[in-house]
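First comes the structure, then the notes that go with it.
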Amino acid sequence: MAEKIKLSFKDNSECEFPKGVKAEEVVKQRFGKKAGMALAVVINKRVVDLSAPINESGEFDILTFEDEAGMDLFRHSSSHLMALAVKRLYPNAKFAIGPSIEDGFYYDFDNLSISDKDLKKIEAEIKKIIHEKLPFIRREISKQEALKLFKNEPYKLELINDLPASERITTYKLGAFEDLCRGPHVPHSGVIGAVKLLKVAGAYWRGDSTKKMLTRIYGTSFPDKKMLSEYLTRLEEAKKRDHRKLGQEMDLFSFHDEARGFPFWHPKGMILWDEIINYWKEVHRKYGYGEVRTPIILNKDLWLRSGHWEHYKENMYFTTIDDVEHAVKPMNCPGGILIYKSRLHSYKEFPLKLAELGLVHRHELSGVLHGLARVRSFTQDDAHVYCLPDQLEQEIINIIDLVYELYGAFGLKDYRIELSTKPDKHIGSEEDWRRAEEALEKALKKKNAKYDINPGEGAFYGPKIDFHIRDSIGRSWQCGTIQVDFAMPERFDLTYEGRDGRKHRPVMIHRAILGSIERFVGILLEHYAGKLPLWLNPVQVKLLPIADRHAEYARRVAEKMKSRGIRVEVDERSESTSKKVRDAQLEKVNYILVVGDKEEEAGTVNVRTRDNEVKGPRKVEEFIDELLKEIKEKRIK
RNA sequence: GCCUCUGUAGCUCAGCUGGUAGAGCAGCGCUCUCGUAAAUAAACGGGCAAAGCGCAGGUCGCCGGUUCGAAUCCGGCCAGAGGCUCCA
């Protein structure tokens, strides 16, 4: 009779089924109530469709949208729904690819000319498809059949041709749209509860800027409307903490048509800037760094020698001085190296750490500029560490410690670490690369750091560790970087005198911790949603006299605070106290001090915070001491 | 650089398919000198509230075209937003 297979479930129970039983059947029998949420099943750790027959014994589980993998599948199926909608509305569109991404999905189309306004129409069509409850039908075909099936879809043909001839190819059919797809998918279109198309964008075919630009539609989907609207509300909230908006509201910096991509810093912005820098310098002295400063303009010969003339010219700005061509520095290393070469070095000085807050200029493509996060002139918190080969690992560890300390002081915990290894195009010996990659990885392991490896993504001159921090809407920006550099010591013939009295080549580490001060300020503003901790806030305290007759007392208190280094303002406007409190809170001032008759008489201030925590009356002197203590502790609030 | 969208007073925005610029907030002036919060998805209704009156501001991003006439339509440029590529 029929062969049996044995399936085990999460609760450790086991059950026998006839071979070839539909996964759907098993789910119905074993998961009861929860079965309605099943999107796909997991058999022996492989995800397959609900409709698939089960032919092997093993572990069995279901995938719901509560799992990350389930949500992924859900979004991927959503992109097929969108593709079907586009096929119905725009029969001439050509189809490229449509994967799930974090928080949503997209599909790339060619021969589709649409704008934001058309999204509504497509969305309506998707809703129809959801109501139609169309099944996803899986087929397995040969490469020959696939080439025939997709003969009118050039992008699909390109994908199929890249597959080995022997490979069985799967397709999924949803209504009139059959797509080349590995799957699996949800059982039918009705499972997709709520879809929202978010934006139209251009995207190069296969991410290659030499290839054709396709039309990409981004969307997101959720099991129900409530989850979708919650997500959209979160997005709106996140936009409010955009550093470009906060920068304007808080009067920190601005941008002007007269200098695209070059930020202008306002007085309050400079206070924030200086606080960051001062702390940075303090920590760097502690870690044994010396600080240097090199010129912004250096002549052509230097850039020829460094290789920038050859590899980086399109990103550089140029000028001529006394008929000699010069370039504005896009990086600090060549200048720093000249300092190294200004005298002989001994192995005894190593590790030699030279830091520079270097103002660099890079001609970035106009389309990539983004507030403070991507500008054309920025200040790198750069440093170059020259060391012996066997000091490399320890020096990398020291830099990682420095990263942890600095990020920690700014309350940043959520960052991603990436290790990028040897690219195809590279200089330096295999042995050097192996040693450097090993040192970087060992250092990360010793620090118990979580990291991802980016194979082949290193710089041509050496492997690197990068630290990426997310902004308010989830975009990831590279901040810290630790790069082992083989190119510069060679090109500039850097040497040191070893124990043996002979000249050797030092190892050079190029590193930045904050990355650029500009980008970092942007990250910080978004991280704190503008509510900067006391030590960083340009305005720490606001004094609110209740009536005009209290202004004099308020000014006296303010002077006392100023003389102790506290940044304080008095709001003497003839407005109601409630309005002044509200304004001060919107300005994100840490402490709001109300003073009236009672306070003046008692020599106190009535303290409340921007988060509306009322602390009540405090003696002026005592409160100043409290403030100074909080500033000194750099307490994260 | 490429794709899509946007560009109206310092800020936030209104201005329907072309007929000749507005609101709120902020600013300034005068009068008043009350007062130790209010609000928090939206819409509507109600209550409370130290505010009131007045002034100033923009050839509607720039240039050109269509038209009797353009903020409104078309084209080019500039800038911004979201993506792609790139990157600190």
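Here is how names work: the chains are called A, B, and so on, in the same order as the sequence lines, proteins then strands, and each is numbered from 1.
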Assigned partner base of rU66(B), Watson-Crick or wobble definition, under 3.5 Å | none

Among the nucleotides rA38(B), rU36(B), rG82(B), which one has an atom lying closest to any side-chain atom of D242(A)?
-> rG82(B)

Expressed as a whole number of Å, how far does the C1' atom of rC87(B) sit from that of rU4(B)?
-> 23 Å

With rounding to whole Å, what would you report as the distance between rC28(B) and rU59(B) at their P atoms?
-> 22 Å

Is D597(A) touching bases, backbone alone, or none of the nucleic acid, heavy atoms closer than 4.0 Å?
-> base

Pairwise C1' distance for rG54(B) and rG82(B), with rounding to whole Å | 44 Å

Distance check: side-chain N/O of S576(A) vs OP1/OP2 of rA50(B), anything under 4.0 Å?
-> no

More 5' along RNA chain B: V200(A) or R549(A), using each one's nearest nucleotide?
-> R549(A)

Would you kindly give the CZ-to-C1' distance between F255(A) and rA81(B), to the nearest whole Å?
-> 14 Å

Could you tell me whether the phosphate oxygens of rG82(B), OP1 or OP2, come under 4.0 Å of any side-chain nitrogen or oxygen in R216(A)?
-> no

From CD1 of I523(A) across to P of rA88(B) the rounded distance in Å is 14 Å

Pick base, sugar-phosphate or nothing for A201(A), based on heavy-atom distances below 4.0 Å to the nucleic acid.
-> base

Is there a Watson-Crick or G-U wobble partner for rG46(B) with both distances under 3.5 Å, and if so, which one is it?
-> none

Can you check the R416(A) CZ to rA88(B) P distance for me, whole Å?
-> 14 Å

Of E599(A) and G207(A), the one whose nearest nucleotide on RNA chain B sits closer to the 5' end is E599(A)

If you look at every strand shown and take non-hydrogen atoms under 4.0 Å, does Y218(A) touch a base, only sugar-phosphate, or nothing?
-> sugar-phosphate

Is there a donor N/O on one and an acceptor N/O on the other, under 3.5 Å, for the side chain of R260(A) and the base of rC78(B)?
-> no

Is A547(A) touching bases, backbone alone, or none of the nucleic acid, heavy atoms closer than 4.0 Å?
-> base

Establish, for the pair R75(A) and F222(A), whether the NZ or CZ atom is under 6.0 angstrom from the six-membered ring centre and no further than 45 degrees off its axis.
-> yes

Which nucleotide, in any strand shown, forms a Watson-Crick or G-U wobble pair with rA21(B), with both distances under 3.5 Å?
-> none

What distance, rounded to whole Å, do you find between the two P atoms, one in rC73(B) and one in rG29(B)?
-> 41 Å

Which whole-number value in Å describes the distance from R376(A) CZ to rG1(B) C1'?
-> 10 Å

Determine, using ring centers only, whether F410(A) and F520(A) are less than 6.0 Å apart.
-> yes

Taking atom P in both rC11(B) and rC2(B), compute the distance separating them and give it to the nearest angstrom.
-> 29 Å

Ring centres of Y107(A) and F109(A) under 6.0 Å apart?
-> yes

Applying a 3.5 Å limit to both distances, which nucleotide forms a Watson-Crick or G-U wobble pair with rU6(B)?
-> rA79(B)

Answer with base, sugar-phosphate or nothing: what part of the nucleic acid does D116(A) contact at a heavy-atom distance below 4.0 Å?
-> sugar-phosphate

Contact class for E364(A) vs. all strands (heavy atom < 4.0 Å): base, sugar-phosphate, or nothing?
-> base

Counting only side-chain N and O atoms of R608(A), is one of them less than 4.0 Å from OP1 or OP2 of rU36(B)?
-> no

Closer than 4.0 Å, any side-chain N/O of Q380(A) to the OP1 or OP2 of rA88(B)?
-> no

Are K313(A) and F318(A) in a cation-pi setup, meaning NZ or CZ lies under 6.0 angstrom from the ring centre and within 45 degrees of the ring axis?
-> yes

Counting heavy atoms from C-beta on, name the nucleotide in rU36(B), rU33(B), rG82(B) closest to the side chain of K199(A).
-> rG82(B)

Side-chain (Y155(A)) to main-chain (W205(A)) donor-acceptor, under 3.5 angstrom | no

Using the P atom in both, what is the distance from rG80(B) to rG18(B), to the nearest Å?
-> 31 Å

Do K353(A)'s NZ or CZ and the ring of Y289(A) fall within the cation-pi criteria of under 6.0 Å and 45°?
-> yes

Sugar-phosphate, base or nothing in reach of S209(A), heavy atoms under 4.0 Å | sugar-phosphate

Assign N612(A) to base, sugar-phosphate, or nothing according to its heavy-atom contacts below 4.0 angstrom with the strands shown.
-> base

Protein-nucleotide distance (E258(A), atom CD; rG61(B), atom P), rounded to Å = 16 Å

Would F378(A) count as stacked on rA88(B) if the rule is ring centres under 5.5 Å and plane angle under 30°?
-> yes

How is V614(A) classified with respect to the nucleic acid when contacts are heavy atoms under 4.0 Å: base, sugar-phosphate, or nothing?
-> nothing

Can you find a side chain N or O atom of Q585(A) that sits less than 4.0 Å from OP1 or OP2 on rA39(B)?
-> no

To the nearest angstrom, the CD-P distance between E237(A) and rU40(B) comes to 15 Å

Starting from C1' on rG83(B), measure out to CG on L365(A) and report it in whole angstrom.
-> 14 Å

Can you figure out which of rC86(B), rU33(B), rG1(B) approaches the side chain of R374(A) most closely?
-> rC86(B)

Quick one: look up who rC55(B) pairs with, Watson-Crick or G-U, both distances under 3.5 Å, and put none if it's unpaired.
-> rG27(B)

Taking CZ from R244(A) and C1' from rG80(B), how many angstroms apart are they, rounded to a whole number?
-> 9 Å

Check every strand shown and say whether H256(A) touches a base, only sugar-phosphate, or nothing at a heavy-atom separation below 4.0 Å.
-> nothing

Chi-angle category of rG57(B) [syn within 90° of 0, anti beyond] | syn

Check whether the side chains of Q380(A) and N332(A) place a donor and an acceptor atom closer than 3.5 Å, and report yes or no.
-> yes

Are F623(A) and Y591(A) near enough that their ring centres are under 6.0 Å apart?
-> yes

Between the base of rG1(B) and the side chain of Y204(A), is there a donor-acceptor distance below 3.5 Å?
-> yes

Per D257(A) side chain, nearest of listed nucleotides rA79(B), rG1(B), rC3(B) | rA79(B)

OP1, OP2 of rG1(B) versus side-chain N and O of H363(A): anything below 4.0 Å?
-> no

Donor-acceptor under 3.5 Å (R610(A) side chain, K531(A) main chain) | yes

For R511(A) against D381(A), the heavy-atom pair lying closest together | NH2-O, 3.1 Å

Candidate nucleotides rC86(B), rA88(B), rA37(B), ranked by approach to the side chain of V368(A) - the nearest = rC86(B)

Within less than 4.0 Å of OP1 or OP2 of rA26(B), is there a side-chain N or O belonging to K579(A)?
-> yes

Pick the C1' atom in rA26(B) and in rA81(B), then give their distance to the nearest Å.
-> 25 Å

Nucleotide opposite rC60(B) in a Watson-Crick or G-U pair, distances under 3.5 Å = none

When you get a sec, tell me which of rU36(B), rA88(B), rC2(B) is the closest nucleotide to the side chain of M213(A)?
-> rC2(B)

Write down the distance separating the C1' atoms in rG61(B) and rU8(B), rounded off to the nearest Å.
-> 10 Å

